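Report on the structure given below.
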Amino acid sequence: MSFILVAEQILNGLQFGVMLFLMAAGLTLIFGVMGLINLAHGSLYMVGAFAAAAVAGATGSFLLGLVAALTAAAVAGAIIEVAVIRRLYKADHLDQVLATFALILIFSEGTRWAFGSFPLFLDIPDWLSGPVSLPGGIQYPLYRLALIGAGLAVAAGLWLLIERTRIGIQIRAGENDREMIAALGVDISRLYTLVFALGAALAGLAGALVGAIQSVQVGMGEPVLILAFVVIVIGGIGSIKGAFVGALLVGLTDTLGGIFLPELLKLVTDPSTASTVGASVASMAIYILMSIVLILRPTGLFGSTA
Amino acid sequence: MIPERLLNALILAGLLAVPLWALAADEPFTITLATRVVILALAAVGLNIALGIGGLVSLGHAAFFGIGGYAMGILAHHAQTYTALDLGLFTVSGTKSMPVIWLVATLASMLAALLIGLLSLRTSGVYFIMITLAFGQMFYYFAIGWAEYGGEDGLSIYLRNSFPGLNTLVPIHFFGLCFAVLCLALFLHARLAASPFGLALNAARQVPGRAEAVGLDPKRLKLLAFVVSGAITGLAGALFADLNRFVSPTMFSWHFSGEIMVLVILGGTARVMGPVAGAALYVALEHWLGGLTDYWIIFLGAILLLIVLFARGGIVGMLSGRRQAGD
Amino acid sequence: EIKVGMITTLSGGGAGLGIDVRDGFMLAMEQSGRDDIEVVIEDDQRKPDIAVQLADEMIQSERVDVLTGIIWSNLAMAVIPSAVNQGVIYLSPNAGPSALAGAGCHENYFNVAWQNDNLHEAAGAYANSAGYTNSFVLAPNYPAGQDALSGYKRFFEGELAGELYTQLGQTDYAAEIAQIRASGADSVFFFLPGGMGISFLKQYADSGVDIPVIGPAFSFDQGILQAVGDAALGVVNTSQWSKDLDNPANNAFVESFQAEYGRLPSLYASQGFDTANLLLSALESADPSDADAFRAALRAADFESTRGDFEFGPNNHPIQDIYAREVIQEGDVYTNKVLEVALEDHADAYASECNM
Amino acid sequence: MTDPILATHGLAKSFGALTATDDVSVELRPGEIHAIIGPNGAGKSTLIAQISGALRPDAGRVTLAGRDVTALATPARARAGLGRTFQISALAMEDTVLENAVLGAVGASGRPWRFWRPALRDADLRARAEDALARVGLAEHAAARCADLSHGQRRQLEVAVALTLRPRAFVMDEPMAGLGAEGSRQLTAFLDELRHEAPILLVEHDMDAVFALADRISVLVYGKIIATGTADEIRTSREVREAYLGDES
Amino acid sequence: MSLLTLSGLTARYGASQALFGVDLEVGAGEVVALMGRNGMGKTTTVKSICRMIPSEGRLAFDGRDLHALPSHRAARLGIGLVPEGRRCFADLTVAENLLAAARPGAWDMDAVTAFLPRLGERRHQRAASLSGGEQQMLAIGRALMTNPRLLILDEATEGLAPIIRQEIWSVIGRLKRETGMAILLIDKSLRELRQVSDRAVILVRGKTVWSGAMDTLTADVSERHVGV
Ligand SMILES: Nc1ncnc2c1ncn2[C@@H]1O[C@H](COP(=O)(O)OP(=O)(O)OP(=O)(O)O)[C@@H](O)[C@H]1O
Ligand SMILES: Nc1ncnc2c1ncn2[C@@H]1O[C@H](COP(=O)(O)OP(=O)(O)OP(=O)(O)O)[C@@H](O)[C@H]1O
Ligand SMILES: [Mg+2]
Ligand SMILES: [Mg+2]
């Protein structure tokens, strides 16, 4: 196994991780701030991808598609928050689970009703397509490099927003005590709608960016949703930093596990068994990672112990 | 408002009356549907013990459901193909006898619940939800890759397993059997909830510190609840496999865990009859809405949403009006 | 009055296939002009337990004579064995798991599409004729995926540059593509149905790896080609049917389907259409109440198939030509063009294990 | 002098750089109320946590009736005879007053593994619980939901639950907190009685109560005991006035 | 004209009613003590004023009906709350706690840290790691940052060491003297209340039973209704 291949796989893992971070950041933000387990987060990812595909298809512009994805997901998020979630803040967590589960059903089938049952087309724009050569002779798709860049930029922006701005401080204060921050004159409902829309927009952005290299189809949000949950739990719920580290860990584990586990097994068994058994173990790898992390650190890597 | 006891009796009576009517009207499928309700309710009763009394929000109960299902599938498969089941140290032959299968399914899921519980109970809250989900997913992917027993295709058992004195192929017999098991489980739940153990578990959920201070060990209480819960859901899995005469990895999928949880919440968390009411409504909706339009799932979602928004405490809570703290 | 039960996937991510099968089937029903056939259609949500429940409903309540419609192998495995054992005729419009073609075959089970391995076998045969000697093969890690790779290897005579099983439902193939790039293969065979194939092809096209790709028709079908776009152009895929097959039945089918539904028919639509026509042809000469006669009439397969010649082998699975097609662009639309026959009068590998 | 029922020997606990308790040795003798006072953040609750088993000390030992319980976990210490109340009421809010008290009895019985007999129909458990409720004056509220109790009633229930354990020693963290003047007076009178049943280690900021009740007072400042003595000795200590009392009383 | 007016205010928690008719007025610049035994509805009254729970009856601030407003709008009219139990934002630093509440006005970061120097010294420390007394100061400083016209202090000295209690009382005294801010005070120490308050209102079972100037509150009345 050559150095180039290993380096390329690490890049792939990073890129996957950065994309997961976009999903996970919104989820962890919403959970941290509102204590809400939002199963419908994956639906917002799907909304973003469909909006991007529809608009890019109609206008031929990928950038307009991205804008559409952000807008559509943010608007959908705001609507969900105002129409449903807001009525459930005082309710049991479990009611929120049921409500957001119901939202998944509505969104998935609603999308299929609106866009039909076949996958949509969304492609990489010309100016970002094709491979580039990196130092060391690695051929790497430009678009994936752009994804890494976009993800890191969002991560930095989000960190600044949460840690350095007054809104961020108020959001974190709301995390600690929602009633109290309202009693101090902060419009917490608006702040929540904003946070929800922001989280949704991040999911929508991820959906659109990933949609260009994947299949834009109904149900595309669910596998990512599970992964995003794994990420925020590994990182520690509510922690943006945790989500970032968790996302990279999961991205790398998933990518490298699928490739290197079968190779490792080939050392001890015949190639065909190695590839099936290796693939089975690899599909469990992130769950194994997560249970190990939680068994050692029951509140994730950067979770508060409360 | 109907008193909860009366409501409970009505729900059970209804569940019994529908298949009896179907028998008279010669609608065997309605009996099958009722059996499905009973078995899903049984799985949810299992979860309700962990979730309702113990506050253990497990999103991995499909693991036990699947283990129960595969216990049935594997034993019956070996009996059907006249092959021996190699357990490493020794081999056993398969069986088509339900009591034996139930015993194995229950024991296997108890063992799994013990292990998963021991590891998972180090965490709490959302972390607990996710770690149980992780264990469920591990089983799921394991089953998909388990070529010996069909991998993702699963295993078909051509004939339903047997129970002494009954012809399980007759729908109403099998229904009666499942219904009896459900009644036992409901009775167990009711007794458990009122027992010293239930009281202690309930307190361990609400105020673990207090439980410790009076000499109780919350972790052990929760672990035991988790094991009992897993065992019941495992038994339901074995019955479900027998209902379908088929097992597959979907029994392990997180959708299933979610669905079991939805049944509990829909019916009313921690209420004895909640799972039954939830399962009955869910299966009925799934069945009747399906005929209306291709996009029926939108309506299913909308109805669930309306129930959460306007019926606090699930169906049983809404009808009985008895408030529970936290509703 | 004859009752047909159709259990197929009409909701969720896999609904496109079920809808096409249904639409193709119903088109043929309509064209037959028979009003004594009732078709009961139900959505299985792609869940095996729901499919089993629906089969019970169809058999116990609706008392159907014939069942059909299932798309996925795992659902087929859940439903078919018990249904055919209860005396119902099952006509498969899509899935053909090997277990039901070999030792598990049944006189009441007819496959009107293909045995699961068929298209992969044809891909192997095509790879030989195209002169490839070193293939990289990949498929998801589940029984149909394993069948696919063994099907390809059964006919491919060259070496394997690599063999990979991916995760079921995987969406990112960067890691696999990197392996392919490093493997030194001269061809790539992949079986990644549905969204997995779209993702793979888009990412492959963008990676700059230019090793030619071969796959079964599932990733190049009319329903999803538009979503793959340019990335699919020029890829050779294998199929028992193609829109441009020139025979009267097919020409009429393509035209009437487009007129009725406003879209081009897909592989699945053609299979649904053929299934219905097979059924109709059998009903012409026998009644389902006479099971032996009806089975004989089905086995005769006396209907005009959209794929030209069609007959059943001893295990009630098709013996048919399988073509190599190439993805082309016609105006705005991506579609396929037949290149050559990859395997002629091809029967499946399991027929000999079947003794009915 | 009689042997102490409860004693700590050189307990020490640090959180990172912060030493919360530093070589703390206190004794609780039969029949006495021993008050621990000290500024906020002095380490009083940390000390209680180490005695009750919620926190593991870095160094030092805890003995209960002469037995070393340092290695025991909280539930085992409770079973060994340590009854505690919490600074912030820790009660099962969804349950009734009686159920909360029965919970204590279940814990005390050491048999929470009975799943069959309803707890409220168990004569032993019930008698124990009702007795404790009667003693704190909550008998007529037995059927009330805990969530509907007033603050003061909750504090009484806290004590009742500890009573069901029939402990050998009580450890109470600010039982007067949030009680009004009248409530404090009532609780003071009650604790005065209770000391004859089992001695009480009392952490409290309410100086009226402390001076009225305590046989001995220890003053904890920055994790160290700086003084131990009778109420009068403490009241007049200059060191204590500077660190804690200020110019009050 | 009085700043805050409550009359016939009722409130309930779910099924159980907690307030049965509270009458209370606070004039500009006035310090009013709200007294009563445990569970009589003092905190509930405060929560109603701050719109944290629903209530009925007359509830007006500066002539505006508070019932029409959500919690944050009520606060913006100029009601600053130091809640029962402090409720500082535990994971935020002292400075962030203050900043989260800041509204334009004379009380800004500099003014508050000058008034409460301990907060300046602890500026970058997390609230969770403050001592109880410092947390109490922070809660007061945080309320000041909203530039209130009425400051409500609910049990601001509970659970504090006597020496720190004295410090808090002196801060309240300074606020009264130096700013002329209206203050609504709840505390169990009658002695200190008598020293700083102009008027007193006594609640029994959710109803106002007595109100008047502090110096007209006789030992007899307070013994009967408050227990001291
Ligand atoms: N888990 C912890 N991690 C870090 N520091 C802690 C922890 N628990 C307590 N401390 C610190 O230890 C010191 C002692 O705290 P403790 O709660 O024992 O004080 P206390 O004497 O009970 O105060 P009060 O009278 O205000 O209740 C404080 O400075 C506190 O911040
Ligand atoms: N969240 C709640 N749910 C139900 N009842 C409550 C709740 N909070 C308070 N109560 C009840 O409302 C009544 C008034 O309580 P409130 O807290 O206003 O009293 P208070 O005068 O502030 O007493 P304290 O001096 O103890 O703080 C009490 O009977 C109490 O039990
Ligand atoms: Mg303390
Ligand atoms: Mg109060």
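Letters A, B, ... mirror the listed sequences (proteins, then strands); counts begin at 1. Keep in mind the model is a prediction, meaning the values are calculated, not measured. We use all heavy atoms of the structure for the numbers below, so side chains are in, but hydrogens, waters and symmetry mates are not.
Using a 4.5 Å cut-off on side-chain heavy atoms (C-beta onward), E:Met109 and E:Arg123 make contact. Side-chain contact between A:Phe21 and A:Leu248 is absent, with no heavy atoms from C-beta onward closer than 4.5 Å. Within the 4.5 Å cutoff, the side chain of E:Leu9 has heavy atoms near those of the E:Leu6 side chain. E:Thr208 has its side chain out of reach of E:Ile202: every pair of non-hydrogen atoms, C-beta onward, lies at least 4.5 Å apart. Two residues are said to be in side-chain contact when any heavy atoms from C-beta on lie closer than 4.5 Å; A:Ile240 and A:Phe244 fail this criterion.
Note on E:Arg103, E:Met145, E:Arg76: by heavy-atom pairs under 4.5 Å with chain A, the leading option is E:Arg76. Among E:Ala143, E:Pro70, E:Ala102, the residue with the largest count of heavy-atom pairs under 4.5 Å with chain A is E:Ala102.
Remark: E:Lys188 does not engage E:Glu155 in a salt bridge, criterion side-chain N to carboxylate O under 4.0 Å.
Between E:Thr157 and E:Asp187, the side chains place a donor N or O and an acceptor N or O closer than 3.5 Å (distance only, hydrogens not considered).
With a threshold of 4.5 angstrom between heavy atoms, E:Ala74 does not approach chain A through any atom at all. Contact annotation for E:Leu77: neither backbone nor side-chain heavy atoms come within less than 4.5 Å of a heavy atom of chain A.
A distance-only check finds a donor-acceptor pair linking the side chain of E:Arg199 to the backbone of E:Glu25 [under 3.5 Å].
Annotation for A:Arg87: atom CZ does not count as buried by contact number, only 12 or fewer foreign heavy atoms lying within 6.0 Å. Heavy atoms from other residues, nucleotides or ligands lying under 6.0 Å from CZ of E:Arg118 number 12 at most. More than 12 heavy atoms of other residues, nucleotides or ligands sit less than 6.0 Å from atom CZ of E:Arg12.
Within residues 192-208 of chain A, no residue approaches chain E closer than 4.5 Å by heavy atoms. At a heavy-atom separation below 4.5 angstrom, chain E is approached by A:Glu163 within residues 149-165 of chain A. The stretch residues 166-174 of chain A places A:Arg166, A:Ile169, A:Gln170, A:Arg172, A:Ala173 near chain E, each with some heavy atom under 4.5 Å from a heavy atom of that chain. Taking non-hydrogen atoms and a 4.5 Å limit, the residue list of residues 46-59 of chain E in contact with chain A, ordered by number, reads E:Met52.
Under a cutoff of 6.0 Å and an axis angle of 45°, E:Arg142 and E:Phe89 form a cation-pi pair.
The structure places CG of E:Leu160 at 8.5 Å from CE of E:Met137, a figure rounded to the nearest 0.5 Å.
Pairing each heavy atom of E:Leu81 with each of A:Ala183, the nearest pair is CD2-CB, 4.2 Å.
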